[in-house]
Amino acid sequence: MTTESSARHPAVPPLAFYETEAANLDGPPGSLIDAVELEAPAGIRAWAVLYRSTGLDGAPIGVSGLIVSPVVSVGSGGGRRGSAGNGLPVLAWAHGTTGLADACAPSRAGVAAEDVLTIVDLARQGFVVAATDYEGLGTAGIHPYLVGPSEGRSVLDAIRAVQHFPEAGAGPRAAVLGISQGGHAALWAAELGPSYAPDLDLVGVVAASPPIDLQAVQRAVLVGPQPSEFSWLEALLAVRAWHEVYGVSIAGLVTDEGRAIMEALGETCPWELASPVEHPILDLEIPEWQALLVANSPGHAAAAVPILVVAAESDEQVPASTIGPGVDRLRAAGSTVQLWWIAGTHVSTLTDPAAAAASLAWIGDRFAGRDTADG
């Protein structure tokens with residue numbers, strides 16, 4: 001373990017930190033490979049971590065992420081949700097779309113950057129935050145974007161990792177909070193929990209602005225005359241990832257412009273690229289593609305914990321029309337799901353202060369053992 005012990009810590013992890021030797025992968029999922037303490041705001045400690053998880057082929061892999069924890073003296077009260085003696089509640093944070101390139105991994109920015117202030121705020125609420133980068137984002141290999149089992153395992157093993165890291169003061173119980181792609185990942189973590197991580201004590205999952213029924217989302221945002229500015233880039237992220245993960249042929253699927261953008265997405269984060277001028281995908285109804293949309297939509301098995309879906313009425317990336325079919329899908333699989341609607345656009349489900357406070361209050365109720373009802 002290479003945890004920093006000096007009074008001054010680096011703001012970001014060194015690039016060499018993300019390199020994992022095959023010999024270091026031997027160990028159970030969720031066990032730590034390495035950690036380095038980072039510069040953090042007053043009252044907060046933060047670490048970049050490498051932990052073991054399971055790849056889509058069943059082989060062990062290394063996944064990177066962040067652990068962020070409030071500074072709590074041993075034996076003192078740990079805020080309104082726990083104490084250092086009992087261990088603080090764990091909140092697994094699942095981030096939204098950042099891209100496929102290693103440079104797009106959130107942990108590479110440390111915790112001083114404004115775009116990851118969310119996890120610092122969560123730590124200030126009294127949580128130990130386990131924030132995965134997801135498989136292949138920052139570390140070796142392709143990032144399996146919107147591949148449900150990969151995302152879910154990365155989230156669940158991040159919880160295991162923080163509980164294997166005594167410095168963070170984590171307790172045995174955990175919840176999951178994710179937005180957009182992270183909402184998709186959170187739902188897959190809920191679904192995989194009973195089979196992949198029965199050792200974890202999950203109390204609930206919040207999925208904000210989640211793409212649930214991927215077929216419905218695709219048809220709503222891409223088939224219409226005016227997709228949102230980011231929708232085609234997200235679609236090309238999925239095409240490139242699924243081409244590499246599943247071997248999906250892109251012949252007849254993507255235009256020449258689409259191919260050029262796909263190549264660029266391997267090295268560049270999507271917000272640095274211009275949206276396609278014309279539709280870059282030629283045929284969205286290829287049976288193999290449609291089957292993968294179904295396979296990677298959560299709702300194949302019942303979650304063992306309650307789920308809260310928070311949706312925005314004017315969401316331009318995951319339209320409101322797709323949420324009902326998605327929630328129906330989850331409930332049909334046997335999951336207990338509450339659905340809350342808010343006014344606003346895609347990111348409003350967590351950037352709106354009232355919506356964020358309500359979601360955290362719901363999570364707090366789950367840690368307190370209060371019942372929730374399907375509705």
- Message: For W47 together with H9, are the ring centres under 6.0 Å from each other?
- Response: no
- Is a donor on one side and an acceptor on the other found under 3.5 Å between the side chain of E151 and the backbone of Y134? no
- Between T268 (side chain) and L265 (backbone), is there a donor-acceptor pair under 3.5 Å? no
- Charged N-O contact under 4.0 Å between R259 and E263: no
- Query: Under 4.0 Å between a Lys/Arg side-chain N and an Asp/Glu carboxylate O for R160 and D199?
  - Reply: yes
- Test applied, side-chain contact (heavy atoms from CB on, under 4.5 Å); reference residue, V129; option that passes from I67, V90, I119: I119
- Query: Hey, are D213 and S297 close enough side-chain-wise for a donor-acceptor pair under 3.5 Å?
  - Reply: no
- Does R366 count as lying over the ring of W362, i.e. NZ or CZ under 6.0 Å from the six-ring centre, within 45 degrees of the axis? yes
- State whether a side-chain donor-acceptor pair under 3.5 Å links D157 with Y196. yes
- Task: For the pair D352 (side chain) and S348 (backbone), establish whether a donor and an acceptor sit closer than 3.5 Å, ignoring hydrogens and angles.
- Result: no
- Using 4.0 Å as the upper bound for N to carboxylate O, is an ion pair formed by E37 and R45? yes
- Check: R153/T54 side-chain N/O donor and acceptor closer than 3.5 Å: no
- Task: State which residues pass side-chain hydrogen bond (donor to acceptor under 3.5 Å, both in side chains) with S154; sequence neighbours excluded, sorted by chain then number.
- Result: none
- Item | Under the side-chain hydrogen bond (donor to acceptor under 3.5 Å, both in side chains) test, residues paired with N24 that sit two or more places apart | none
